[in-house]
Q: 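Sharing a structure here in C-alpha cells format.
The model shown is predicted, which means the values in this text are computed figures rather than measured ones. Starting from 1, each residue takes its place in the sequence as its number. Hydrogens, waters and symmetry mates play no part in the numbers below; they use all other heavy atoms, side chains included. Remember, it's 1-based here, ligands and their atoms both numbered in the order they're listed.
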Amino acid sequence: MSDIAKLQIGEDSYEFPLVKGTENEVAIDIKSLRGATKGVITIDPGFKNTGSCESAITFLDGEKGILRYRGYSIEELAEKADFLEVAYALIFGDLPTQEELDKFKKDICAQSLVDEDIRKIVDAFPKSAHPMGVISSLTSALTAFNPSTVNVESEEEMYNAIVKIMGKFPVLVAWTMRKKQGLPLDYGDCSLGYVENTYKMMFKQPNQDYVTNKIVVDALDKLLILHADHEQNCSTSTVRIAGSSHAGLFASLSAGISALWGPLHGGANQAVLEMLEAIKEDGGDTKKYMAKAKDKNDPFRLMGFGHRVYKNFDPRAKIIKKAADEVLNDLGVDDPILEIAKALEQEALNDPYFVERKLYPNVDFYSGIIYRAMGIPVEMFTVMFALGRLPGWIAQWKEMRLNKEPIGRPRQIYTGENLRPFKSIEKR
Ligand code: CMC
C-alpha cells in the first residue's frame, strides 16, 4: 500500500500522509487539510471514522474481539493480575516489579484520607440523589481541597495527583453508597488489598466484625480489571478533551464520570438489570422484548447489546458471563434473571436482526448480575464501572498531557440562518 492518500476536490488534488499503528491500523493524517484546501474540513458525527489521537495504552480490534492493555491480553490480565497491577501498567506503561507495586500501594494509601469537610458536602445531598451525580460532584470538589493537583506539568507532580485520586476515590465511592443507606462514613484499612479495602469500606457494618469474602473480592477485582480501559470511548474522550484545556486531573475525571453516566455508555449496566427485572415482572416473555427491540417505532433497545467498536463478541462479556456463573454458584445465589439473560442472549445470537447488525452482548450485559450477587445496589453499578475505569482515564489524561496535545476544539458546518436584521420585540 502506498503511504499517501489522494484527495480530489473539483479540479484540485491534494496528498496526505498515512499513519500506521503498531498493529497495522491505518489513518489519513489530515492535519494540513484545512490550510491546504483553504477552509475544507471533514465531518463525522459521533466520530465513527475519526482518530482523535495516537495512543500506546490500549489496543482493541472490534472485528476480531481483541482487547489488550499495554500489549497484555485482557484474558491473561483478568486471570493472572490484580487490579492495582493493571492500574499501574495502564498508567506507567508496564506491569510493576514487586518493589514498584509496593511503593505505588504505599503512596496511594498515604493519600487515602479525604478532608473531613467533604463529609459536609456528602451530607448536603438528598438520599434520593443518583450516586453518579454525587460521585462526579465529589470528585470535582476534591480539587478545592487539593489545589496542588491542578497545574501539574512534571511527571512528579502528575504522580502526586494520581496517587491522591487513586487513594481518595474508593473512599468517595463507599461514602456515596453509605450515605444513601444512612450508614456512618468511615475510612478503610490500608493493610488490606486495594479492592478488598474498597469493598470493606462499602460494606462494613458498625456493629459487626467484618469478614472478607474471598470469592466476592476476587470477582470484583476481575470486574474492575475488565473495565479499566477501553481506548477512546465517550467518557475517556471527555477526560482527554476536558484535560486538554489544562483543567486539573480531578475536574477532567469528573467530566468523564458525567459522560459515563448515560445509559448508552456506562449507565447500561444499571439499565440492563432494570430491563431484566422488568421482563421478569412481565412474566419472563423474552420474545416480546426481542420484538420490541427490533421494532423501529419502539424506542426500546436491548440494553447490554451492541457496541460502537465490537462487531464480534465483546471479549470482556465472555469473561464476565463465565464469572457470573461461577460467582452465583460459589455464593449459592439462584437468581432467576440470570436465566432470562441467557435466554435473551441465545435468541439474539440466532436472530437475523441482531446477526446482520453484528449486535453481541457487551461488557454490561452480565456485570450487573454479579454486582447484585455481591450486594451492590443497582444505582451503584455505574459507580463501580467508574471505579474500574479510573486508571484508564488517568492513563489517557497523562498520555495526553505528556504528548503535549493541543486543546481539543472540533469545527462544524454551520446550517443556521444567514445574517438578518434584528427585530424589536413588538415586531416578533
Ligand atoms: N437493541 C436493538 N437495536 C440495536 C441495539 C440494541 N441494543 N444497538 C444497536 N441497534 C441497532 C440500531 O437501531 C441500528 O439499526 P439500523 O441500522 O436499522 O438503524 C444498528 O443496530 C446500529 O446501531 P447504532 O446505534 O447506529 O450503533 P452505535 O455504534 O451508534 O451505538 C451503542 C452503539 C452501544 C450505543 C448501541 O449498540 C446501544 O445503544 N446499545 C445498548 C446500550 C448499551 O448496552 N451500551 C453499553 C455499551 S458497552 C459499555 C461501554 O463501553 O459503555
Q: Can you sort out which atoms of ligand 1 are near Ala293, meaning under 4.0 Å from one of its heavy atoms?
A: 2 (C)

Q: Write out the residue and atom name of the closest protein heavy atom to atom 50 (C) of ligand 1, then the distance separating them to 0.1 Å.
A: His265 ND1, 3.5 Å

Q: Around atom 27 (O) of ligand 1, find the nearest protein heavy atom and jot down its residue, atom name and distance.
A: Lys48 NZ, 4.5 Å

Q: Would you mind checking if Glu196 and Lys214 are paired as a salt bridge, meaning a charged N to carboxylate O distance below 4.0 Å?
A: no

Q: Between Lys48 and Asp44, is there a salt bridge with N-O shorter than 4.0 Å?
A: no

Q: Please identify which of these residues, Thr139, Ile165, Leu224, meets the side chain to side chain contact (heavy atoms under 4.5 Å, CB included) condition with Leu390.
A: Ile165

Q: Counting non-hydrogen protein atoms only, what is the nearest one to atom 20 (C) of ligand 1? Give residue, atom name and distance.
A: Arg357 CD, 3.8 Å

Q: Is any N or O atom of His230, backbone or side chain, closer than 3.5 Å to an N or O atom of ligand 1?
A: no

Q: Applying the side chain to side chain donor-acceptor pair (under 3.5 Å) test to Asp229, which of Arg68, Gln396, Arg70 qualifies?
A: Gln396

Q: Starting from atom 34 (C) of ligand 1, find the nearest protein heavy-atom neighbour and note its residue, name and distance.
A: Gly306 O, 3.7 Å

Q: Is the centre of the Phe385 ring less than 6.0 Å from the centre of the Phe381 ring?
A: no

Q: Could you identify the single nearest non-hydrogen protein atom to atom 3 (N) of ligand 1 and state the distance to 0.1 Å?
A: Tyr353 OH, 2.9 Å

Q: Answer yes or no for atom 22 (C) of ligand 1: protein heavy atom present at a distance under 4.0 Å?
A: no

Q: Run the salt-bridge test on Glu326 and Lys322 with the 4.0 Å N-O cut-off and return the result as yes or no.
A: yes

Q: Out of all atoms in ligand 1, which are within 4.0 Å of some heavy atom of Ala268? Include the element for each.
A: 43 (C), 44 (O), 45 (N), 46 (C)

Q: What I want to know is whether Leu264 and ligand 1 share at least one N or O pair that is separated by under 3.5 angstrom.
A: yes

Q: Can a cation-pi geometry be assigned to Lys204 and Tyr210, taking NZ or CZ under 6.0 Å from the six-membered ring centre and within 45° of the ring axis?
A: no

Q: Got the closest protein heavy atom to atom 19 (O) of ligand 1, with its distance?
A: Lys296 NZ, 3.7 Å

Q: Measuring from atom 4 (C) of ligand 1, which candidate in Asp298, Leu359, Leu260 has the nearest non-hydrogen atom?
A: Leu359

Q: State plainly whether the residues Arg178 and Asp186 are in salt-bridge range, i.e. N to O under 4.0 Å.
A: no

Q: At a 4.0 Å threshold, what atoms of ligand 1 neighbour a non-hydrogen atom of Gly304?
A: 43 (C), 44 (O)

Q: Report yes or no: is the cationic atom of Arg357 (NZ for Lys, CZ for Arg) under 6.0 Å from the centre of the six-membered ring of Tyr353, at an angle within 45° of the ring normal?
A: yes

Q: I'd like to know if the side chain of Ser237 and the backbone of Gln232 have a donor-acceptor N/O pair within less than 3.5 Å.
A: yes

Q: Between ligand 1 and Arg301, is the shortest N or O to N or O distance under 3.5 Å?
A: yes

Q: Of all the non-hydrogen atoms in the protein, which one sits nearest to atom 1 (N) of ligand 1, and at what distance?
A: Leu302 N, 3.1 Å

Q: To check your reading of the model: name the closest protein heavy atom to atom 33 (C) of ligand 1, its residue, and the distance in Å.
A: Arg308 N, 3.7 Å

Q: Tell me whether the centres of the aromatic rings in His307 and His230 are closer together than 6.0 Å.
A: yes

Q: What atoms of ligand 1 come within less than 4.0 Å of a heavy atom belonging to Val363?
A: 49 (C)

Q: Which of the atoms of ligand 1 are close to Gly266, meaning less than 4.0 Å from one of its heavy atoms?
A: 52 (O)

